[in-house]
Protein chains: 2
Amino acid sequence: MIRIDLTAATPLAEQVRLALRRAIAEGEVAPGDELPSVRQLAGDLSINLNTVARAYRELEREGLVVSHRGRGTVVASLKSKSRVPRKELRGRMRDLCADALLSGYLRGDLEQWFHKEMKRGSW
Amino acid sequence: MIRIDLTAATPLAEQVRLALRRAIAEGEVAPGDELPSVRQLAGDLSINLNTVARAYRELEREGLVVSHRGRGTVVASLKSKSRVPRKELRGRMRDLCADALLSGYLRGDLEQWFHKEMKRGSW
DNA sequence: CCTAAAGTATCATCGTCTGATACTTTGTCA
DNA sequence: TGACAAAGTATCAGACGATGATACTTTAGG
(Lines give C-alpha, C1' and ligand atoms only; values in the text may rest on other atoms or scores of the structure.)
Protein backbone atom coordinates (compact mmCIF):
# COMPACT_ATOMS: atom_id res chain seq x y z
CA MET A 1 0.00 0.00 0.00
CA ILE A 2 2.73 2.46 0.93
CA ARG A 3 6.46 2.45 1.13
CA ILE A 4 8.85 3.94 3.63
CA ASP A 5 12.58 4.50 3.79
CA LEU A 6 14.30 3.18 6.90
CA THR A 7 17.37 5.31 6.21
CA ALA A 8 15.60 8.63 5.72
CA ALA A 9 15.94 11.42 8.24
CA THR A 10 12.21 11.87 8.77
CA PRO A 11 10.79 9.69 11.56
CA LEU A 12 9.07 6.49 10.55
CA ALA A 13 5.73 7.43 12.06
CA GLU A 14 5.88 10.70 10.16
CA GLN A 15 6.63 8.92 6.93
CA VAL A 16 3.68 6.61 7.43
CA ARG A 17 1.42 9.52 8.24
CA LEU A 18 2.48 11.47 5.18
CA ALA A 19 2.12 8.50 2.89
CA LEU A 20 -1.40 7.82 4.12
CA ARG A 21 -2.31 11.49 3.87
CA ARG A 22 -1.20 11.40 0.28
CA ALA A 23 -3.16 8.24 -0.42
CA ILE A 24 -6.26 9.83 1.04
CA ALA A 25 -5.78 13.11 -0.77
CA GLU A 26 -5.27 11.41 -4.09
CA GLY A 27 -8.34 9.25 -3.66
CA GLU A 28 -6.43 6.01 -3.54
CA VAL A 29 -8.51 5.20 -0.49
CA ALA A 30 -11.96 6.67 -0.12
CA PRO A 31 -13.99 7.70 2.94
CA GLY A 32 -15.38 4.60 4.60
CA ASP A 33 -12.53 2.36 3.48
CA GLU A 34 -10.81 0.30 6.16
CA LEU A 35 -7.14 0.88 6.68
CA PRO A 36 -4.99 -2.17 7.45
CA SER A 37 -4.69 -2.96 11.14
CA VAL A 38 -1.69 -1.53 12.90
CA ARG A 39 -0.21 -5.02 13.18
CA GLN A 40 -0.84 -5.80 9.53
CA LEU A 41 0.72 -2.63 8.21
CA ALA A 42 3.55 -2.74 10.70
CA GLY A 43 4.30 -6.28 9.58
CA ASP A 44 4.27 -5.31 5.91
CA LEU A 45 6.64 -2.44 6.56
CA SER A 46 8.77 -4.39 9.03
CA ILE A 47 8.40 -1.79 11.75
CA ASN A 48 6.86 -1.73 15.19
CA LEU A 49 3.09 -1.63 15.55
CA ASN A 50 3.39 1.36 17.84
CA THR A 51 4.91 3.36 15.05
CA VAL A 52 1.92 2.71 12.84
CA ALA A 53 -0.43 3.35 15.73
CA ARG A 54 1.15 6.75 16.23
CA ALA A 55 0.64 7.62 12.59
CA TYR A 56 -3.01 6.57 12.83
CA ARG A 57 -3.52 8.64 15.95
CA GLU A 58 -2.07 11.72 14.30
CA LEU A 59 -4.30 11.21 11.30
CA GLU A 60 -7.24 10.91 13.64
CA ARG A 61 -6.25 14.15 15.34
CA GLU A 62 -6.23 15.71 11.89
CA GLY A 63 -9.70 14.38 11.28
CA LEU A 64 -8.71 12.19 8.35
CA VAL A 65 -9.46 8.80 9.90
CA VAL A 66 -11.41 7.37 12.82
CA SER A 67 -10.08 4.59 15.02
CA HIS A 68 -12.04 2.32 17.35
CA ARG A 69 -10.60 -0.15 19.76
CA GLY A 70 -11.24 -3.69 18.70
CA ARG A 71 -12.75 -2.63 15.39
CA GLY A 72 -10.22 -0.88 13.25
CA THR A 73 -9.50 2.36 11.48
CA VAL A 74 -11.49 3.81 8.61
CA VAL A 75 -11.04 6.84 6.42
CA ALA A 76 -13.24 9.68 7.59
CA SER A 77 -15.47 11.88 5.55
CA LEU A 78 -13.32 14.69 4.26
CA LYS A 79 -15.60 17.43 5.48
CA SER A 80 -13.37 18.02 8.47
CA LYS A 81 -10.17 19.02 6.77
CA SER A 82 -6.91 19.50 8.53
CA ARG A 83 -5.84 22.97 7.56
CA VAL A 84 -2.18 23.44 6.73
CA PRO A 85 -1.33 27.15 6.97
CA ARG A 86 -0.92 28.89 3.65
CA LYS A 87 2.35 30.34 4.83
CA GLU A 88 3.83 26.91 5.41
CA LEU A 89 2.78 25.63 2.02
CA ARG A 90 4.30 28.62 0.28
CA GLY A 91 7.49 28.14 2.22
CA ARG A 92 7.68 24.55 1.08
CA MET A 93 7.05 25.61 -2.50
CA ARG A 94 9.83 28.13 -2.19
CA ASP A 95 12.31 25.63 -0.76
CA LEU A 96 11.37 23.12 -3.40
CA CYS A 97 12.04 25.56 -6.22
CA ALA A 98 15.30 26.68 -4.62
CA ASP A 99 16.51 23.11 -4.31
CA ALA A 100 15.55 22.32 -7.87
CA LEU A 101 17.38 25.37 -9.13
CA LEU A 102 20.52 24.57 -7.16
CA SER A 103 20.37 21.03 -8.45
CA GLY A 104 20.46 22.21 -12.00
CA TYR A 105 16.93 21.38 -13.03
CA LEU A 106 15.20 23.71 -15.44
CA ARG A 107 12.04 25.68 -15.24
CA GLY A 108 10.53 23.30 -17.74
CA ASP A 109 11.27 20.28 -15.57
CA LEU A 110 9.57 21.83 -12.62
CA GLU A 111 6.54 22.86 -14.64
CA GLN A 112 6.21 19.36 -15.96
CA TRP A 113 6.31 17.87 -12.46
CA PHE A 114 3.80 20.39 -11.27
CA HIS A 115 1.32 19.72 -14.02
CA LYS A 116 1.60 15.98 -13.58
CA GLU A 117 0.58 16.39 -9.97
CA MET A 118 -2.30 18.57 -11.02
CA LYS A 119 -3.59 15.71 -13.14
CA ARG A 120 -3.20 13.12 -10.44
CA GLY A 121 -5.62 14.15 -7.71
CA SER A 122 -9.22 15.22 -7.90
CA TRP A 123 -8.52 18.84 -8.65
CA MET B 1 19.09 38.03 7.07
CA ILE B 2 17.03 34.93 7.79
CA ARG B 3 14.39 33.88 10.24
CA ILE B 4 13.83 30.67 12.10
CA ASP B 5 11.05 29.21 14.20
CA LEU B 6 12.05 27.95 17.62
CA THR B 7 8.81 25.97 17.93
CA ALA B 8 8.98 24.16 14.60
CA ALA B 9 9.62 20.44 14.43
CA THR B 10 12.59 20.72 12.08
CA PRO B 11 15.92 21.08 13.87
CA LEU B 12 17.36 24.55 14.21
CA ALA B 13 20.54 23.75 12.30
CA GLU B 14 18.42 22.37 9.49
CA GLN B 15 16.28 25.47 9.40
CA VAL B 16 19.35 27.67 9.19
CA ARG B 17 20.80 25.52 6.45
CA LEU B 18 17.61 25.59 4.40
CA ALA B 19 17.18 29.32 4.79
CA LEU B 20 20.72 29.98 3.62
CA ARG B 21 20.33 27.56 0.74
CA ARG B 22 17.28 29.48 -0.33
CA ALA B 23 19.08 32.81 -0.03
CA ILE B 24 21.89 31.50 -2.18
CA ALA B 25 19.57 29.95 -4.75
CA GLU B 26 17.54 33.11 -5.07
CA GLY B 27 20.62 35.25 -5.49
CA GLU B 28 20.10 37.18 -2.29
CA VAL B 29 23.75 36.49 -1.61
CA ALA B 30 26.17 36.01 -4.46
CA PRO B 31 29.32 33.90 -4.82
CA GLY B 32 32.14 35.62 -3.02
CA ASP B 33 29.90 37.27 -0.43
CA GLU B 34 30.85 36.82 3.19
CA LEU B 35 28.30 35.17 5.42
CA PRO B 36 27.96 36.50 8.97
CA SER B 37 30.24 34.84 11.50
CA VAL B 38 28.76 31.96 13.41
CA ARG B 39 28.73 34.09 16.55
CA GLN B 40 27.11 37.00 14.80
CA LEU B 41 24.34 34.97 13.22
CA ALA B 42 23.84 32.88 16.31
CA GLY B 43 23.45 36.07 18.33
CA ASP B 44 20.95 37.52 15.89
CA LEU B 45 18.89 34.34 15.99
CA SER B 46 19.34 33.82 19.73
CA ILE B 47 20.68 30.32 19.31
CA ASN B 48 23.96 28.60 20.03
CA LEU B 49 26.94 29.25 17.81
CA ASN B 50 27.41 25.53 17.34
CA THR B 51 24.03 25.29 15.71
CA VAL B 52 25.00 27.85 13.11
CA ALA B 53 28.40 26.23 12.70
CA ARG B 54 26.70 22.94 11.91
CA ALA B 55 24.58 24.57 9.26
CA TYR B 56 27.68 26.13 7.72
CA ARG B 57 29.49 22.82 7.72
CA GLU B 58 26.62 21.10 5.97
CA LEU B 59 26.51 23.83 3.35
CA GLU B 60 30.22 23.39 2.86
CA ARG B 61 29.76 19.67 2.40
CA GLU B 62 27.18 20.52 -0.24
CA GLY B 63 29.69 22.76 -1.93
CA LEU B 64 27.68 25.94 -1.47
CA VAL B 65 30.05 27.77 0.86
CA VAL B 66 33.67 27.60 1.95
CA SER B 67 34.76 28.06 5.54
CA HIS B 68 38.23 28.88 6.83
CA ARG B 69 39.27 28.97 10.42
CA GLY B 70 39.99 32.47 11.61
CA ARG B 71 38.78 34.01 8.36
CA GLY B 72 35.13 33.34 7.86
CA THR B 73 32.66 31.73 5.49
CA VAL B 74 32.12 32.73 1.90
CA VAL B 75 29.53 31.74 -0.69
CA ALA B 76 31.17 29.42 -3.20
CA SER B 77 30.98 29.52 -6.93
CA LEU B 78 27.88 27.61 -7.90
CA LYS B 79 29.65 25.35 -10.35
CA SER B 80 29.77 22.58 -7.80
CA LYS B 81 26.09 22.01 -7.25
CA SER B 82 24.67 19.79 -4.58
CA ARG B 83 22.41 17.44 -6.46
CA VAL B 84 19.08 16.68 -4.86
CA PRO B 85 17.67 13.49 -6.39
CA ARG B 86 14.86 14.02 -8.83
CA LYS B 87 12.84 11.40 -7.03
CA GLU B 88 12.96 13.32 -3.78
CA LEU B 89 11.92 16.58 -5.39
CA ARG B 90 8.97 14.93 -7.08
CA GLY B 91 7.97 13.36 -3.79
CA ARG B 92 8.00 16.74 -2.14
CA MET B 93 5.96 18.20 -4.94
CA ARG B 94 3.47 15.40 -4.54
CA ASP B 95 3.17 15.86 -0.78
CA LEU B 96 2.82 19.57 -1.19
CA CYS B 97 -0.05 19.21 -3.64
CA ALA B 98 -1.73 16.60 -1.45
CA ASP B 99 -1.53 18.85 1.59
CA ALA B 100 -2.87 21.80 -0.33
CA LEU B 101 -5.76 19.75 -1.63
CA LEU B 102 -6.65 18.43 1.81
CA SER B 103 -6.46 21.94 3.17
CA GLY B 104 -9.06 23.11 0.73
CA TYR B 105 -6.91 25.25 -1.52
CA LEU B 106 -7.73 25.30 -5.20
CA ARG B 107 -5.75 24.46 -8.26
CA GLY B 108 -5.62 28.14 -9.05
CA ASP B 109 -4.07 28.98 -5.70
CA LEU B 110 -1.34 26.47 -6.20
CA GLU B 111 -0.64 27.63 -9.75
CA GLN B 112 -0.33 31.18 -8.55
CA TRP B 113 2.15 30.22 -5.83
CA PHE B 114 4.13 28.22 -8.30
CA HIS B 115 4.38 30.97 -10.87
CA LYS B 116 5.37 33.51 -8.26
CA GLU B 117 8.30 31.31 -7.33
CA MET B 118 9.23 30.97 -10.96
CA LYS B 119 9.53 34.72 -11.15
CA ARG B 120 11.61 35.02 -8.01
CA GLY B 121 14.84 33.20 -8.78
CA SER B 122 17.10 33.36 -11.78
CA TRP B 123 15.22 30.85 -13.86
C1' DC C 1 54.25 39.30 19.05
C1' DC C 2 49.74 39.92 20.96
C1' DT C 3 45.19 40.38 20.54
C1' DA C 4 40.63 40.04 18.56
C1' DA C 5 37.83 37.37 15.86
C1' DA C 6 36.95 33.64 13.07
C1' DG C 7 35.86 28.42 12.73
C1' DT C 8 36.39 23.81 15.34
C1' DA C 9 36.27 20.27 18.87
C1' DT C 10 34.50 18.07 23.15
C1' DC C 11 31.22 16.79 26.20
C1' DA C 12 26.93 16.77 29.09
C1' DT C 13 22.09 17.16 28.92
C1' DC C 14 17.75 16.56 27.39
C1' DG C 15 14.16 15.35 24.43
C1' DT C 16 12.17 12.27 21.11
C1' DC C 17 11.76 8.17 18.33
C1' DT C 18 11.44 3.36 18.34
C1' DG C 19 10.22 -1.14 19.88
C1' DA C 20 9.00 -4.94 23.45
C1' DT C 21 5.39 -6.05 26.20
C1' DA C 22 1.14 -6.06 28.43
C1' DC C 23 -3.68 -4.28 28.65
C1' DT C 24 -8.56 -3.30 27.03
C1' DT C 25 -12.23 -3.44 23.91
C1' DT C 26 -15.01 -5.51 20.22
C1' DG C 27 -17.10 -8.92 17.32
C1' DT C 28 -17.96 -13.69 16.30
C1' DC C 29 -18.74 -18.46 16.53
C1' DA C 30 -19.08 -22.96 18.68
C1' DT D 1 -23.05 -17.09 26.53
C1' DG D 2 -18.52 -17.76 27.05
C1' DA D 3 -14.15 -18.12 24.87
C1' DC D 4 -11.14 -16.58 21.58
C1' DA D 5 -9.06 -13.83 18.14
C1' DA D 6 -8.15 -9.43 16.51
C1' DA D 7 -8.40 -4.68 16.84
C1' DG D 8 -6.51 -0.23 19.09
C1' DT D 9 -4.13 1.62 23.51
C1' DA D 10 -0.92 2.26 27.31
C1' DT D 11 3.60 1.89 29.63
C1' DC D 12 8.27 1.83 29.86
C1' DA D 13 13.19 1.33 28.66
C1' DG D 14 16.94 1.91 25.43
C1' DA D 15 19.15 4.52 21.77
C1' DC D 16 19.99 8.20 19.19
C1' DG D 17 20.24 13.03 17.92
C1' DA D 18 19.91 17.97 18.64
C1' DT D 19 21.31 21.70 21.41
C1' DG D 20 24.25 24.50 24.20
C1' DA D 21 28.34 25.64 27.52
C1' DT D 22 32.98 25.74 27.25
C1' DA D 23 37.55 25.44 25.69
C1' DC D 24 40.78 25.03 21.71
C1' DT D 25 43.07 26.47 17.23
C1' DT D 26 43.86 29.31 13.43
C1' DT D 27 44.13 33.76 11.00
C1' DA D 28 44.71 38.76 10.16
C1' DG D 29 46.24 43.16 11.71
C1' DG D 30 48.18 46.56 14.80
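By convention in this document, chain letters (A, B, ...) are assigned in the order of the sequence lines, proteins followed by strands, and residues within each chain are numbered from 1. Since the model is a prediction, treat every value here as computed from it, not as a measurement. Side-chain atoms are counted along with the backbone in the values below, which use heavy atoms only and exclude waters and symmetry mates.
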Identify which nucleotide among C:dT25, C:dT8, D:dA18 has an atom closest to any side-chain atom of B:S67, counting heavy atoms from C-beta outward.
C:dT8
C:dT25 C1' sits how many Å from A:H68 NE2, rounded?
12 Å
Rounded to whole Å, the CZ-P distance (B:R69 to C:dT8) equals 7 Å
With hydrophobic residues grouped by side-chain heavy-atom distances under 4.5 Å, do B:V74 and B:Y56 end up in a single group?
no
Separation of B:L49 atom CG from D:dC24 atom P, in whole Å?
15 Å
What is the distance from CG of B:L12 to P of C:dG15, rounded to the nearest Å?
14 Å
Could you tell me how far apart A:R17 (CZ) and C:dT18 (P) are, to the nearest whole angstrom?
13 Å
Smallest separation among heavy atoms of A:V52 and A:V38, with atom names:
CG1-CA, 3.9 Å
So does A:R92 pair up with A:E88, basic N to acidic O under 4.0 Å?
yes
Length of the line joining A:N48:CG and C:dA22:C1', which is rounded to integer Å:
13 Å
Are the side chains of B:D109 and B:W113 in contact, using a 4.5 Å heavy-atom criterion?
yes
Is B:T73 close enough to C:dA6 that one of its side-chain N or O atoms is under 4.0 Å from OP1 or OP2 there?
no
Using a 4.5 Å cut-off on heavy atoms from C-beta on, say whether the side chain of A:L35 contacts that of A:L41.
no
Would you tell me if any nitrogen or oxygen in the side chain of B:R71 comes within less than 4.0 Å of OP1 or OP2 on D:dA28?
yes
Using side-chain heavy atoms (C-beta onward) and a distance below 4.5 Å, is B:L78 in contact with B:L64?
yes
Residues within residues 51-59 of chain A bordering DNA chain C, heavy-atom distance below 4.0 Å:
A:T51, A:R54
If you apply the rule side chain to side chain contact (heavy atoms under 4.5 Å, CB included), what do you find for B:L18 with B:T10, and how did you get there?
CA-CA 10 Å; B:L18 289 178; B:T10 56; 6.0 Å; no
Where the side chain of A:N50 is concerned, which of D:dA10, C:dT18, D:dT22 is the nearest nucleotide?
D:dA10
Side-chain touch B:E28/B:R22, heavy atoms, less than 4.5 angstrom
no
A:L35 atom CG is separated from D:dA7 atom C1', nearest whole Å, by 13 Å
Which of residues 38-47 of chain A have a heavy atom under 4.0 Å from DNA chain D?
A:V38, A:R39
Before accepting this row, confirm whether a basic side-chain N of the pair A:R57/A:E60 lies closer than 4.0 Å to the acidic partner's carboxylate O.
no
A:S37 side-chain N/O to D:dA6 phosphate OP1/OP2 under 4.0 Å:
no
